[in-house]
Novice: 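Got a structure here, written out as structure tokens. Questions coming.
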Amino acid sequence: MSKSQSERYSRQILLKQVGEEGQEKLLNSHVLIVGAGGLGSPAALYLASAGVGHIGILDDDDVDLTNLQRQIIHSSETIGTPKVRSAKKRIEALNPDIKVSALRERLEKDNVKDIFNNYDFILDATDNFQTKFLINDTCVMLKKPFSHGGIQEFGGQLMTYVPGEGPCYRCIFQEPPEDGVIPTCREVGVIGCMAGIIGTLQSMEAVKYLLGIGELLTGKLLTVDALTMEFRQVRFPKKNPECPVCGKE
């Protein structure tokens with residue numbers, strides 16, 4: 001590390017679970033955030049400030065005024081610009097040491113494997129069930145760890161998948177719900193702070209995995225009710241043997 005890097009990350013390096021060796025691990029790590037919105041915003045900022053050396057941001061949307069209530073990586077000045085460009089500019093202003101890849105595209109079956117192969121850890125910061133299942137299924141097949149996050153109204157949830165260490169997202173939720181069954185945030189609303197809580201926790205899961213420290217949310221779903229400030233962990237079996245992605249078949 002350079003002298004400026006040692007100073008930038010000094011409070012982190014003091015931690016016995018990190019140290020200089022751990023900081024080097026972070027600087028050599030590659031994390032992809034799928035979704036530059038409410039969850040992806042705080043996750044990207046904290047991963048950048050922690051010194052994750054390469055951050056990929058994937059999103060095909062543009063910034064609009066309604067985003068700014070919760071998508072803190074963007075600003076009034078970037079309304080109308082691609083979210084990935086807005087996010088890249090903000091991350092580079094925060095920490096010019098790291099590489100940021102702005103991927104303005106939609107995640108599809110045709111491109112997902114090629115994109116994921118370039119990263120050590122994936123953050124599912126999306127609000128679309130089809131994409132969430134695509135992320136899960138691809139990570140299982142490629143043996144890539146990922147963190148799932150979801151928010152609505154005053155609640156949120158997250159879990160972490162690590163290959164061979166617990167159930168995958170499809171083990172628990174099985175299939176995407178039919179359109180209209182579960183209302184979207186556009187329909188019922190969401191408090192902006194909720195995105196900060198869950199997105200920050202997702203970045204913490206990524207950092208723990210990259211450093212090989214602590215206990216991850218593998219085999220557990222953490223749910224948060226912001227109105228009562230109740231954090232609850234639901235534990236699951238190792239995996240569903242009948243899961244079509246990671247099961248016996």
Side-chain angles (χ1 to χ4, degrees), residues 12 15-19 21-35 39-40 43-44 46-47 50 52-56 58 107 112-126 129 131-151 156-176 197-224 231-249:
Q12 201 161 271
L15 298 169
K16 65 180 181 179
Q17 296 90 340
V18 182
E21 182 180 351
Q23 190 60 55
E24 291 283 1
K25 285 182 181 180
L26 293 178
L27 289 167
N28 290 313
S29 295
H30 309 263
V31 175
L32 174 68
I33 302 172
V34 185
L39 298 175
Y46 274 109
L47 290 174
V52 172
H54 178 203
I55 297 175
L58 189 148
L107 202 65
V112 62
K113 288 184 180 179
D114 288 338
I115 294 171
F116 281 17
N117 272 327
N118 298 316
Y119 296 91
D120 305 313
F121 194 93
I122 314 295
L123 263 69
D124 166 19
T126 68
F129 284 107
T131 306
K132 288 183 179 298
F133 278 87
L134 177 60
I135 292 170
N136 174 82
D137 297 353
T138 306
C139 284
V140 171
M141 288 188 285
L142 297 180
K143 294 181 169 57
K144 295 279 185 180
F146 78 94
S147 169
H148 150 76
I151 57 173
Q157 64 182 34
L158 72 152
M159 63 171 281
T160 299
Y161 169 77
V162 176
E165 295 187 19
C168 72
Y169 183 79
R170 192 179 284 273
C171 284
I172 299 166
F173 297 104
Q174 298 183 354
E175 297 290 340
I197 293 170
I198 300 299
T200 302
L201 290 174
Q202 284 187 277
S203 67
M204 187 72 254
E205 288 288 278
V207 168
K208 288 192 301 179
Y209 174 81
L210 296 170
L211 292 174
I213 62 173
E215 184 177 337
L216 295 167
L217 287 169
T218 52
K220 293 170 282 190
L221 182 73
L222 177 67
T223 63
V224 182
F231 286 66
R232 181 168 172 258
Q233 284 190 15
V234 180
R235 294 180 177 269
F236 297 100
K238 272 197 167 184
K239 65 178 182 178
N240 177 6
E242 305 304 321
C243 175
V245 180
C246 70
K248 292 184 296 184
E249 301 297 328

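Note that the structure is a prediction, hence the values are computed from the model and not measured.
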Novice: So do the side chains of Leu217 and Leu201 get within less than 4.5 Å of each other, counting heavy atoms only?
Specialist: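 Not touching, per the 4.5 Å side-chain cut-off.
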Novice: Minimum heavy-atom separation for Cys168 and Asn136, please, with both atom names.
Specialist: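 What the structure gives for the nearest pair is CB-OD1, 3.2 Å.
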Novice: Could I get the full list of side chain to side chain contact (heavy atoms under 4.5 Å, CB included) partners for Ala44, not counting sequence neighbours?
Specialist: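 With neighbours one apart ignored, the set is Ile33, Ile57, Ile73, Ile91.
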Novice: What heavy-atom pair brings Ala125 and Gly35 nearest, and what distance separates the two atoms?
Specialist: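 Minimum heavy-atom separation between Ala125 and Gly35: CB-O, 3.7 Å.
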Novice: Within the structure provided, determine whether Leu47 and Val207 are in side-chain contact (heavy-atom separation under 4.5 Å).
Specialist: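 A side-chain contact under 4.5 Å exists here.
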Novice: Does any non-hydrogen side-chain atom of Lys25 lie less than 4.5 Å from one of Leu210?
Specialist: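 Leu210 vs Lys25: side chains apart.
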Novice: According to side chain to side chain contact (heavy atoms under 4.5 Å, CB included), who are the partners of Leu142, at least two apart in sequence or on a separate chain?
Specialist: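 For Leu142 the side chain to side chain contact (heavy atoms under 4.5 Å, CB included) partners, ignoring immediate neighbours, are Lys113, Phe116, Asn117, Thr138, Lys144.
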Novice: Could you tell me the separation between the CG atom of Asp124 and the CD1 atom of Ile135, rounded to the nearest 0.5 Å?
Specialist: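 So the CG of Asp124 and the CD1 of Ile135 are separated by 4.0 Å.
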Novice: Are the side chains of Val34 and Leu32 in touch, meaning some heavy atoms are under 4.5 Å apart?
Specialist: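 They are in side-chain contact.
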Novice: Identify the heavy atoms of Asn28 and Asp120 that sit nearest to each other, and give their distance.
Specialist: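 Smallest heavy-atom distance, with atoms named: O-OD2, 4.3 Å.
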Novice: Heavy-atom distance under 4.5 Å between the side chains of Ile172 and Met159, does that happen here?
Specialist: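 Result yes, sub-4.5 Å side-chain heavy-atom pair found.
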Novice: Just do the side-chain contact (heavy atoms from CB on, under 4.5 Å) check on Gln157 and Val234 with the steps written out, would you?
Specialist: CA-CA 10 Å; Gln157 64 182 34; Val234 180; over 6 Å; no
Novice: Just how far is it from atom CD1 of Ile197 to atom CZ of Phe231, taken to the nearest 0.5 Å?
Specialist: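 Reported to 0.5 Å precision, the distance equals 5.5 Å.
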Novice: Mind telling me whether His148 and Tyr169 have parallel, tilted or perpendicular rings, with 30° and 60° as the class edges?
Specialist: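 Rings of Tyr169 and His148: tilted, 30 to 60°.
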Novice: Is any side-chain heavy atom of Pro167 less than 4.5 Å from a side-chain heavy atom of Cys243?
Specialist: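 A side-chain contact is absent here, since even the closest heavy-atom pair is not under 4.5 Å.
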Novice: Give me the ring orientation class for Phe146 and Tyr161: parallel if the planes are under 30° apart, tilted from 30 to 60°, perpendicular past 60°.
Specialist: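 Geometry flag for Tyr161 against Phe146: tilted rings.
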Novice: Can you tell me how the ring of Phe121 sits relative to the ring of Tyr209, calling it parallel under 30°, perpendicular over 60° and tilted otherwise?
Specialist: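 Plane angle between 30° and 60°, so tilted.
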Novice: Can you name the closest pair of heavy atoms from Val18 and Gln23 and give their distance?
Specialist: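 Here Val18 and Gln23 meet closest at CG1-N, 3.8 Å.
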Novice: Any chance you could measure Ser29, atom OG, to Glu24, atom CD, to the nearest 0.5 Å?
Specialist: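 Ser29 atom OG to Glu24 atom CD measures 10.5 Å (nearest 0.5 Å).
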Novice: Can a donor-acceptor pair be found, under 3.5 Å and without considering hydrogens, that links the side chain of Gln12 to the backbone of Ala50?
Specialist: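 Such a contact is found between Gln12 side chain and Ala50 backbone.
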Novice: Can you tell if the side chain of Pro145 reaches within under 4.5 Å of the side chain of Cys139, non-hydrogen atoms only?
Specialist: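 They are not in contact (no side-chain heavy atoms under 4.5 Å apart), so the answer is no.
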Novice: CD1 of Ile213 to CG of Leu15: how many Å apart, nearest 0.5 Å?
Specialist: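 If we round to the nearest 0.5 Å, Ile213:CD1 and Leu15:CG are 8.0 Å apart.
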Novice: Okay, side chain of Gln202, backbone of Ser147: is any donor-acceptor separation there less than 3.5 Å?
Specialist: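 Yes: the side chain of Gln202 pairs with the backbone of Ser147.
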Novice: Run the side chain to side chain contact (heavy atoms under 4.5 Å, CB included) test against Glu165 and tell me which residues pass, sequence neighbours left out.
Specialist: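 Once residues adjacent in sequence are excluded, the partners of Glu165 under the side chain to side chain contact (heavy atoms under 4.5 Å, CB included) criterion are Val162.
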Novice: Within the structure provided, determine whether Arg170 and Pro244 are in side-chain contact (heavy-atom separation under 4.5 Å).
Specialist: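 The answer is yes, as the side chains (C-beta and beyond) meet within the 4.5 Å cut-off.
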Novice: If you round to the nearest 0.5 Å, how far is NE2 of His54 from CG of Leu27?
Specialist: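 The distance works out to 13.5 Å.
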Novice: Can you tell me how far OG1 of Thr223 sits from CZ of Arg232, rounded to the nearest 0.5 angstrom?
Specialist: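 One finds 5.5 Å between CZ of Arg232 and OG1 of Thr223.
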Novice: One pair to check against side-chain hydrogen bond (donor to acceptor under 3.5 Å, both in side chains): Thr160 and Glu205. What are the steps and the verdict?
Specialist: CA-CA 7 Å; Thr160 299; Glu205 288 288 278; 2.6 Å; yes
